[in-house]
Amino acid sequence: MSPARRAAGPARRVVPRRFYAGDPLEVAPALLNKVLVGGARAGRIVEVEAYRGADDPASHAYRGLRPRNAVMFGPPGHLYVYFTYGMHFCANVVCLGEGVAGAVLLRALAPLDGIEAMRAARARPPGAPGRRSGDGSSGWPDRDLASGPARLCQAMGITGADDGADLVSGAGGIQLVDDGVAPPPRPAVSGRVGLRVAVERPWRWWVPGDPNVSKGKGLVVAPARARR
DNA sequence: CTTTGGATCGTCT
DNA sequence: GACGATCCAAAGG
């Protein structure tokens, strides 16, 4: 590697395309603790949600192939980015094979590299409401830089221009890598956030106790049972 | 702490 | 014409 190689930390291996070929319900929890790299910025995935196709009324693919969701029907290992609420982007990893829709929504990252760039991308202008006075901070504690699907895109600089980017080749400047940290053996689970249908499906997973997980609340699907 | 409403526009009805 | 895989701040307790 060049002198610009990372100062510390284990090697990062690109996640192979076959990893994405499975069902989103299996790929989603396996994505936890993988690392999303975009230019000098990188973050560890700590919260995800699975979306499927014709059998998932909450999925953008539920009503069939459209220009917006076309990437969801394409080959696995690509990024599906959509625009919503008139102002936000959200990013998904495409699963399953070509012609079959499936994706995993990336809901939160733990910032690893390029944290200054993330702060800048998420900063409100000086004097804006909500900005802390006194110190030179640009407004957000690091745990809130990417603690939500739209915040994540803002922090990483992901926009609609990245829709369809290949996470394996990295040709679009975004790549998914494994730095040797395994997914949690027992991830936390709940229903998906922000939906009006299929809220009871336990298709949201996160790294238990991680402070970067979004504050969005999914329906509690498997309440802790009293032990005795 | 929780709840509520505004922002803002592509997509679908 | 309605609404969304959201975020943010202001208001209320």
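What you see below is based on every heavy atom in this structure, not just the backbone, and it leaves out hydrogens, waters and symmetry mates. Note on naming: letters A, B, ... go to the chains in the order of the sequence lines (proteins, then strands), and numbering restarts at 1 for each one. Keep in mind it's a predicted model, so treat the numbers as computed, not measured.
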Between A:R52 and A:S59, is any side-chain donor less than 3.5 angstrom from a side-chain acceptor?
-> no
Could you give the distance separating B:dT3 and C:dA5 at their P atoms, to the nearest angstrom?
->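 Comparing P positions in C:dA5 and B:dT3 gives a spacing of 22 Å.
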Pairwise P distance for C:dA2 and B:dG6, with rounding to whole Å =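 So the two P atoms sit 15 Å from each other.
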Counterpart base for B:dT8, defined by Watson-Crick or G-U wobble contacts under 3.5 Å | none
Is there a side-chain polar atom (N or O) of [X] under 4.0 Å from OP1 or OP2 of [N]?
X: A:R66; N: B:dT11; value: no
X: A:H60; N: C:dA5; value: yes
X: A:R68; N: B:dG10; value: no
X: A:R122; N: C:dC8; value: yes

From C:dC8, C:dA5, B:dT8, pick the nucleotide closest to the side chain of A:R151?
->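 The nucleotide sitting nearest to the side chain is C:dC8.
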May I ask whether A:Y82 stacks on the base of C:dA5, given the cut-offs of 5.5 Å between ring centres and 30° between planes?
->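 Stack criterion not met.
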Would you kindly compare A:L195 and A:Q154 by the position of their nearest DNA chain C nucleotide and give the one closer to the 5′ end?
-> A:L195
For the side chain of A:H78 and the backbone of A:G164, is there at least one donor-acceptor N/O pair under 3.5 Å apart?
-> yes
